[in-house]
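Residue numbers start at 1 and run along the sequence shown. Read the numbers this way: they start at 1 and go in the same order the structure lists the ligands and their atoms.
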Amino acid sequence: MRIKAAILFEQGKPRPYATSRPLVVEEVELEGPGPGEMLIEVAAAGLCHSDLSTIENQRPRPLPIVIGHEGAGIVREVGSGITDVKPDDHVVTVFAPSCGNCRYCVRGRPNICPTGNAFRQAGQLPTGARRLKRLDGTPINHNSGLSLYAQYAVVARRSAVKIGRDIPLDDAAIFGCAVMTGAGAVLNTAGLEAGEGIAVVGLGGVGMNALFAAVAAGAERIVAIDTNPQKLELAKQWGATDVFLAGNEDCAAQVRDATDGGLDTVIETAGTIPAMQLAIAITARGGSTISAGLPNVNASVSYLHASMVQEERSIRGSYMGSCVPERDLPRLLGLYRRGKLPVDKLKTSHITFDQINEGFDLLSDGSVLRQMLRPNA
Ligand SMILES: NC(=O)c1ccc[n+]([C@@H]2O[C@H](COP(=O)([O-])OP(=O)(O)OC[C@H]3O[C@@H](n4cnc5c(N)ncnc54)[C@H](O)[C@@H]3O)[C@@H](O)[C@H]2O)c1
Ligand SMILES: [Zn+2]
Ligand SMILES: [Zn+2]
């Protein structure tokens with residue numbers, strides 16, 4: 001079928017994107033679903049910083065590619081072998097492809113499945129297929145086994161989780177990345193318990209979900225930190241007990257002073273090296289620094305090794321919030337139903353294809369939370 005999609009032909013084009021226009025909206029050909037795949041009408045897809053990082057060339061990707069990895073939609077057709085999902089079902093997509101059989105998958109860690117990741121690196125669906133082509137026949141790569149900046153997407157069965165029809169699809173879309181990543185980092189990776197303290201460094205779509213989860217989990221002290229004062233104001237309204245402006249040298253000392261030596265759990269959700277250094281610096285003795293931010297693939301951070309050992313600190317990564325999507329999306333949506341993950345507050349705007357390049361300028365400025373593309377609007 002012919003559909004409209006936003007194609008990235010070249011990474012690293014200069015800003016402003018309103019002028020350089022890295023995303024080109026074109027009619028493309030989408031093949032129907034093969035065995036183990038399904039066709040989804042994309043209802044909404046979020047503009048996440050990871051898509052911006054792809055545009056910026058922080059991570060090389062096979063080109064041309066249709067990006068977009070956070071979304072929700074309606075199943076329109078299922079391929080052979082799929083019996084538990086049917087047309088008209090609503091789904092949230094899953095951006096970390098997984099095989100279901102490897103030692104990571106069977107241990108409940110499909111988010112780090114190397115088999116799924118190899119297909120992703122190759123720009124394929126986890127079935128090995130590419131279902132998108134330009135009208136001249138040139139194959140187009142998939143992003144994260146998905147490619148959601150498109151009116152429709154063909155995805156593998158494991159790349160989507162069925163959800164209730166009561167959830168508005170453009171709220172559901174945010175669960176596909178920002179919620180699983182931010183709330184999952186707090187509830188799964190950190191295992192935060194009621195009464196504990198936590199800091200969140202970087203208050204974008206991912207960080208604000210970490211904040212919501214910390215409030216929902218009953219944290220006593222919730223320290224929120226960003227370089228943008230407007231994000232601090234929102235964080236205060238949404239349950240942060242203390243806010244600090246990052247970007248000056250005193251920030252780490254101020255946080256340590258205010259928290260008797262730092263927090264036991266610090267979540268980094270900015271994706272920059274200064275933010276990660278700040279996160280390490282405000283982690284208390286014996287505490288954990290958990291990073292969900294994704295800087296350039298070659299960036300590294302240094303830390304004092306002896307202090308790590310003698311003070312029993314830990315530094316660990318959190319990918320897709322350590323989520324098992326089939327297990328965790330239902331409970332995260334349960335929190336949403338109880339008003340504990342108010343993702344509707346994160347929606348800065350709804351946009352159409354003609355505003356997508358401008359949308360990435362706004363995300364890059366740090367002035368927005370989640371902009372939701374409605375490809376069929
Ligand atoms: N680990 C995962 O599974 C996963 C999934 C999604 C996104 N990500 C990554 O998470 C990061 C956040 O994504 P997002 O969509 O929320 O981005 P965003 O652009 O909406 O938010 C980033 C926030 O960090 C703030 N910031 C920048 N530098 C800072 C600093 N030095 N100190 C404190 N705050 C600072 C910005 O002002 C902004 O509010 C990105 O790096 C993204 O690639 C990771
Ligand atoms: Zn994302
Ligand atoms: Zn696997």
Side-chain angles (χ1 to χ4, degrees), residues 45-54 56 58-59 67-71 93-119 126 143-144 146 148 158 173-182 184-185 189 199-211 224-232 234-235 243-248 251-252 267-279 281-282 290-297 299 317-323 346 348 360 362-371:
L47 273 57
C48 171
H49 204 109
S50 298
D51 297 299
L52 175 60
S53 300
T54 303
E56 291 173 336
Q58 306 291 353
R59 279 177 275 292
I67 59 171
H69 67 278
E70 172 184 275
T93 54
V94 173
F95 70 84
S98 61
C99 74
N101 304 313
C102 71
R103 65 180 161 120
Y104 306 97
C105 284
V106 299
R107 287 181 193 159
R109 301 185 74 184
N111 57 326
I112 55 168
C113 170
T115 314
N117 191 49
F119 285 114
N143 179 224
S144 297
L146 298 170
L148 300 175
R158 288 180 60 81
I174 303 176
F175 284 74
C177 179
V179 177
M180 278 203 282
T181 303
T189 320
V200 181
V201 182
L203 304 168
V206 175
M208 288 299 190
N209 277 296
L211 171 73
I225 303 173
D226 202 288
T227 43
N228 179 338
Q230 287 164 350
K231 303 272 175 83
L232 300 184
L234 291 172
V243 297
F244 293 90
L245 189 64
N248 60 56
C251 184
I267 311 277
E268 182 277 319
T269 46
T272 70
I273 298 306
M276 186 58 191
Q277 279 162 339
L278 176 62
I282 62 168
I290 294 173
S291 177
L294 284 166
N296 184 281
V297 270
S318 176
Y319 194 60
M320 204 170 71
S322 312
C323 282
L346 304 180
T348 308
F360 279 104
L362 294 176
L363 184 60
S364 184
D365 292 341
S367 55
V368 291
L369 284 164
R370 269 317 194 243
Q371 303 169 88

Using a strict cut-off of 4.0 Å, indicate which atoms of ligand 1 neighbour a heavy atom of [X].
X: A275; result: 30 (C), 31 (N), 32 (N)
X: L363; result: 19 (O), 20 (O)
X: C177; result: 5 (C), 6 (C)
X: T272; result: 28 (N), 31 (N)
X: M320; result: 2 (C), 3 (O)
X: G205; result: 16 (O), 20 (O)
X: L203; result: 23 (C), 39 (O)
X: T269; result: 11 (C), 12 (C)

Should [X] be counted as touching ligand 1, given the test is an N or O pair under 3.5 Å?
X: V206; value: yes
X: S50; value: yes
X: H49; value: yes
X: L294; value: yes
X: V368; value: no
X: N228; value: no

Please check: side-chain N/O of [X] versus main-chain N/O of [Y], any donor-acceptor pairing under 3.5 Å?
X: N111; Y: Y319; answer: yes
X: E70; Y: A178; answer: yes
X: S291; Y: G317; answer: no
X: S367; Y: L363; answer: no
X: E268; Y: A270; answer: yes
X: T181; Y: G321; answer: no

Give the residue, atom name and distance (to 0.1 Å) of the protein heavy atom nearest [atom].
atom: atom 1 (N) of ligand 1; result: A292 O, 2.8 Å
atom: atom 2 (C) of ligand 1; result: T181 CG2, 3.5 Å
atom: atom 32 (N) of ligand 1; result: A246 CB, 3.4 Å
atom: atom 27 (C) of ligand 1; result: T227 OG1, 3.9 Å

Which atom, among the N/O/S set of H69, is closest to the Zn ion (ligand 2)?
NE2
Report yes if the side chains of [X] and [Y] come closer than 4.5 Å at any heavy-atom pair, otherwise no.
X: L362; Y: Q371; result: yes
X: P110; Y: Y104; result: no
X: H69; Y: S50; result: yes
X: D226; Y: L245; result: no
X: M208; Y: L234; result: yes
X: P97; Y: N117; result: no
X: I282; Y: V201; result: yes
X: T269; Y: V200; result: yes

From [options] - option closest to [atom] by heavy atom:
atom: atom 35 (C) of ligand 1; options: G317, A270, G271; value: A270
atom: atom 20 (O) of ligand 1; options: G321, S322, G204; value: G204
atom: atom 15 (O) of ligand 1; options: R370, Q371, E268; value: R370

Please confirm whether [X] approaches ligand 1 to less than 4.0 Å, judged on its heavy atoms.
X: G366; result: no
X: E70; result: no
X: D226; result: yes

Verify the distance test for C48 against the Zn ion (ligand 2): any N/O/S atom under 2.8 Å, yes or no.
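Yes - counting backbone and side chain alike, C48 has an N, O or S atom under 2.8 Å.
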Just to confirm my numbers, could you give the angle made at the Zn ion (ligand 3) by SG of C99 and SG of C113, rounded to 10°?
100°
Contact partition for S318 relative to ligand 1, non-hydrogen atoms under 4.0 Å
backbone
Is it the case that over 12 heavy atoms from other parts of the model lie below 6.0 angstrom from the CZ atom of R59?
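Check passes, neighbour count above 12.
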How about Q58 and S53: does a side-chain donor come under 3.5 Å of a side-chain acceptor?
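Per modelled atom types, Q58 and S53 side chains form no pair under 3.5 Å.
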